[in-house]
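Treat the numbers as computed from the prediction; the structure is a model and nothing was measured. Counting convention: from 1, in listed order, for ligands and their atoms alike.
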Amino acid sequence: MAHSGKSAFEEVNEKVSQAGEILGIKPGVISALKSCEREVTISIPLRRGSDVEVLTGYRVQHSNARGPRKGGIRFHQNVDLDEVRALASLMTWKTALIDVPFGGAKGGVAVDASKLSSIEKEEIVRRWTRSLVHVLGHHRDIPAPDMGTDAKTMAWLMDEFHRLEGFQPACVTGKPVELFGAPGREEATGRGVARIAAATLEEHGVNVKGATVVVQGFGNVGRYAALVCHELGMKVIAVSDLTGGITNPNGIDIAAIFSHPTLETVQSEERINAGELLEIKCDVLIPAALGGVITESNCGKINAGFIIEGANQPLTIAADLELRGQGVVIVPDILANSGGVMGSYFEWTQNIQEFSWPIEKFRSELDARMELAFSIVHRVSKKYSVDLRTAAFIVSVDRVAKAFELRGSLV
Ligand code: NAD
């Protein structure tokens, strides 16, 4: 997706360069960290009646400096190589920021997931896995769900991988709990987003109880972010998805609407169009759907005190700059939505140890590790007098550059 003239990957690399300059990292090392180690493009012939439609799929491995590559698979019509590169790179910075032993990768298929039958989705992910099996594996590259894919998709991926390579449940995370998944993983990203929202309000002396929240997206991330915000005593006053939005100034009972597959079937709340949602006055705005939704052209209409990035790259760098100029506090994606990959790490380690944790342990470990990352980012932000996104990149780029040099990758 284009981000105000710059591509999504260029936008990430702008932050990498900035962090590299602040840290005094050698330009050659920064160039290496701005490149992707491996990019694989595949074609996926999908049966359509008596004919086939050829889809394009990707796996981009950005870095393995700190461990096996890790990152989700997205099924969306806007997926292209640049977007996958950007998301793969963000995974490297995210895993480094929360200090889990992974690198970064991302996959995708350019297809509208909302128009696929379950059988078509299964065919696509099995073909994707067969074509890429040589670069995947629990110590090479571990996929997970992202937009348009879910636990069921990951079960098919694991099954296909097992047929080809034998038993290895840690080859993919975000699996169903009944099939080597970890209780807590499904909610982990949204839970992390909500708890980071609460911690940010507290950091700025704003009462968590009663704080108003608006959430864009009611999929895996948005749904759980809204639910946990609600459970923490915040007032979720609007949510939206592809089918439109609903609002209630007194607070939506998120628990009551949680199990609706889309918001289309929710009754008794006032309906708004999805575009209007971003402009609602609120304490906390959580964009948790697509990238590039807040740009220079609409950021003047944002009416929130805090933006917690549930999605990856929901703000362009230009919008980020302008909003910060207006006093909006922005918590970047690589911190705010890192609960997902933290949860994937817990699932991966449990699979490898053939041991499982109760959900209470999963949640308390997740909360403690995210609190640590939150406090490190704030400390670095103060130390260098920079915003939270720049601080997060300083922490990550420093860790990855050190690992890259220590491994002797330059030899
Ligand atoms: P999902 O497919 O489960 O849900 C996406 C939601 O966004 C759906 O409710 C969809 O209807 C809605 N949506 C799509 N276009 C919209 C629009 N124009 N306006 C309003 N709503 C719209 O995807 P997800 O897994 O929740 O991922 C959402 C974002 O979070 C993505 O940017 C993804 O990269 C990021 N993310 C996901 C995870 C994870 O663990 N799933 C982890 C980290 C980051």
Side-chain angles (χ1 to χ4, degrees), residues 1 8 70-79 83-84 86-88 90-91 93-95 97-98 104 106-108 111-116 121 143-154 172-175 181-182 184-193 196 214-227 238-246 257-258 260-266 272-278 285-294 298 308-315 332-347 366 370:
M1 187 173 297
K70 185 88 192 75
I73 313 173
R74 176 175 291 196
F75 284 7
H76 192 275
Q77 57 278 18
N78 290 347
V79 164
E83 181 183 75
V84 185
L87 294 167
L90 278 180
M91 286 306 297
W93 312 121
K94 201 178 295 185
T95 54
L97 180 64
I98 57 166
K106 200 81 180 188
V111 66
D112 185 346
S114 66
K115 298 207 170 97
L116 293 172
K121 219 174 190 181
D146 192 78
M147 278 193 88
T149 58
D150 56 15
K152 214 166 149 191
T153 328
M154 299 307 111
V172 59
T173 58
K175 301 179 292 291
R185 168 60 186 93
E186 187 180 273
E187 67 181 32
T189 315
R191 178 182 177 85
V193 170
I196 291 276
V214 166
V215 182
Q216 183 193 45
F218 205 61
N220 174 267
V221 181
R223 193 177 289 259
Y224 280 104
L227 183 69
V239 290
S240 71
D241 69 7
L242 256 181
T243 66
I246 56 171
I257 65 163
F258 186 81
H260 284 250
T262 69
L263 296 171
E264 203 172 16
T265 51
V266 174
I272 48 164
N273 82 43
E276 288 165 358
L277 175 118
L278 292 173
L285 173 62
I286 302 179
L290 301 166
V293 291
I294 301 175
N298 66 352
I308 314 294
E309 294 186 333
N312 286 310
Q313 288 189 296
L315 273 68
D333 45 13
I334 59 171
L335 174 62
N337 70 32
S338 62
V341 71
M342 181 73 83
S344 278
Y345 168 62
F346 296 159
E347 181 179 332
L366 182 82
M370 289 201 65

Below 3.5 angstrom, do we get any N/O pair linking [X] and ligand 1?
{"X": "Gly291", "value": "no"}
{"X": "Val221", "value": "yes"}
{"X": "Lys106", "value": "no"}
{"X": "Gly148", "value": "yes"}
{"X": "Lys94", "value": "no"}

- Under a heavy-atom criterion of less than 4.0 Å, does Arg74 contact ligand 1? yes

- Item | Any Arg185 heavy atom less than 4.0 Å to ligand 1 | yes

Taking only heavy atoms of [X] into account, list the atoms of ligand 1 that are under 4.0 Å away from them.
{"X": "Leu290", "value": "15 (N), 18 (N)"}
{"X": "Asp241", "value": "9 (O), 11 (O), 20 (C), 21 (N), 22 (C)"}
{"X": "Ala311", "value": "29 (C), 30 (O), 32 (O), 35 (C)"}
{"X": "Gly310", "value": "30 (O), 35 (C), 44 (C)"}

- Note on the structure: If you scan protein heavy atoms around atom 27 (O) of ligand 1, the nearest is Met147 CG, 3.6 Å

- Query: How close does the nearest protein non-hydrogen atom get to atom 32 (O) of ligand 1, and which residue and atom is it?
  - Reply: Ala289 O, 3.0 Å

- Message: Can you confirm whether the side chains of Asn220 and Asp150 place a donor and an acceptor under 3.5 Å from each other?
- Response: no

- Tell me which one of Leu242, Thr262, Asp150 gets a heavy atom nearest to atom 16 (C) of ligand 1. Leu242

- Task: Specify side chain, backbone, both or neither for Thr189, according to which of its non-hydrogen atoms lie closer than 4.0 Å to ligand 1.
- Result: side chain

- Note on the structure: Any heavy atom of Ala188 under 4.0 Å from ligand 1? The part involved is neither

- ring-ring contact (aromatic ring centres under 6.0 Å, His included) partners for Tyr345, two or more places apart: Phe102

- Item | Any residue meeting side chain to side chain donor-acceptor pair (under 3.5 Å) with Thr149, in chain and number order, not counting sequence neighbours | none

